[in-house]
Amino acid sequence: MFTSTKFITMNKLFSILLIAVTLFSCSNDDKETVIVPKTLQKIVFYRDSPNQRQWNISNGLLTSITLADGTLAEEFIYDTNKRVIAEKNILVVF
């Protein structure tokens with residue numbers, strides 16, 4: 001068992017270690033790191049199949065949907081509040 005002297009010594013040692021780690025881990029870094037966020041640009045459904053659909057995204061908004069052959073199927077137009085104000089169904093399938 002620990003005696004009170006050993007406990008106090010270990011407590012002091014732990015406190016000194018904690019202070020040392022805190023002081024040395026906080027460094028003043030002069031480098032300014034610029035992190036470029038990666039944004040989602042497209043989503044492809046059913047890749048390499050006749051039913052492939054590609055959702056094209058710009059500024060976080062779905063702008064258009066294209067088919068496997070690149071044909072524009074739908075286009076979306078937004079207002080300044082990022083609400084859909086128009087949807088153009090380009091492709092009509094019978």
Side-chain angles (χ1 to χ4, degrees):
M1 289 235 100
F2 288 110
T3 62
S4 62
T5 309
K6 288 183 180 179
F7 181 74
I8 293 172
T9 305
M10 287 189 65
N11 194 8
K12 286 181 183 179
L13 182 63
F14 179 74
S15 298
I16 292 170
L17 182 64
L18 182 65
I19 291 170
V21 168
T22 304
L23 289 175
F24 292 112
S25 66
C26 298
S27 64
N28 190 5
D29 191 7
D30 293 335
K31 297 178 186 177
E32 291 186 23
T33 305
V34 177
I35 299 173
V36 178
K38 295 180 181 180
T39 57
L40 185 62
Q41 295 177 347
K42 69 179 175 180
I43 302 172
V44 179
F45 295 98
Y46 309 112
R47 180 178 292 280
D48 300 326
S49 80
N51 296 323
Q52 177 175 317
R53 298 290 186 270
Q54 180 171 314
W55 290 12
N56 303 304
I57 299 168
S58 177
N59 297 324
L61 301 172
L62 177 63
T63 56
S64 63
I65 300 174
T66 55
L67 303 178
D69 61 358
T71 305
L72 184 63
E74 289 187 70
E75 186 175 25
F76 302 94
I77 301 171
Y78 297 86
D79 65 6
T80 56
N81 293 322
K82 298 183 179 183
R83 294 180 295 202
V84 176
I85 57 172
E87 176 185 352
K88 297 180 183 177
N89 290 323
I90 310 296
L91 181 67
V92 178
V93 178
F94 293 100

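Just the heavy atoms: all of them, side chains too, but no hydrogens, waters or symmetry mates, feed the values below.
- Counting all heavy atoms, side chain and backbone alike, P50 lies closest to A68 at O-CB, 4.3 Å.
- A donor-acceptor pair under 3.5 Å links the side-chain atoms of Y78 to the main chain of L62, judged by distance alone.
- Residues S49 and N51 have side chains that never bring a donor and an acceptor to within less than 3.5 angstrom of each other.
- No side-chain heavy atom of I57 sits less than 4.5 Å from a side-chain heavy atom of T63.
- Rounded to the nearest 0.5 Å, atoms CD (Q54) and OG1 (T71) are 12.0 Å apart.
- Residues V84 and I43 share a single hydrophobic cluster, defined by chaining ILVMFWY side chains whose heavy atoms lie under 4.5 Å apart.
- Residues V44 and Q52 meet the side-chain proximity criterion, which asks for heavy atoms closer than 4.5 Å.
- No more than 12 heavy atoms of other residues, nucleotides or ligands shown are found within 6.0 angstrom of CG on N59.
- Judged as a salt bridge (Lys or Arg N to Asp or Glu O under 4.0 Å), and not counting sequence neighbours, R47 has no contacts.
- Distance check, rounded to the nearest 0.5 Å: OG of S58 to CD of Q41 gives 9.0 Å.
- Screening N56, L61, I65 against F76 for a side-chain contact (heavy atoms from CB on, under 4.5 Å) leaves a single residue, I65.
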- Step-by-step side chain to side chain contact (heavy atoms under 4.5 Å, CB included) determination, R53 to T66: CA-CA 6 Å; R53 298 290 186 270; T66 55; over 6 Å; no
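- Within the structure, every pair that satisfies the salt bridge (Lys or Arg N to Asp or Glu O under 4.0 Å) test and touches residues 75-87, not counting sequence neighbours, is listed here: D79-R83.
- When the side chains of ILVMFWY residues are joined at heavy-atom separations under 4.5 Å, either directly or via intervening members, Y46 and W55 end up in a single hydrophobic cluster.
- The environment of F45 atom CZ is dense: over 12 non-hydrogen atoms of other residues, nucleotides or ligands sit within 6.0 angstrom.
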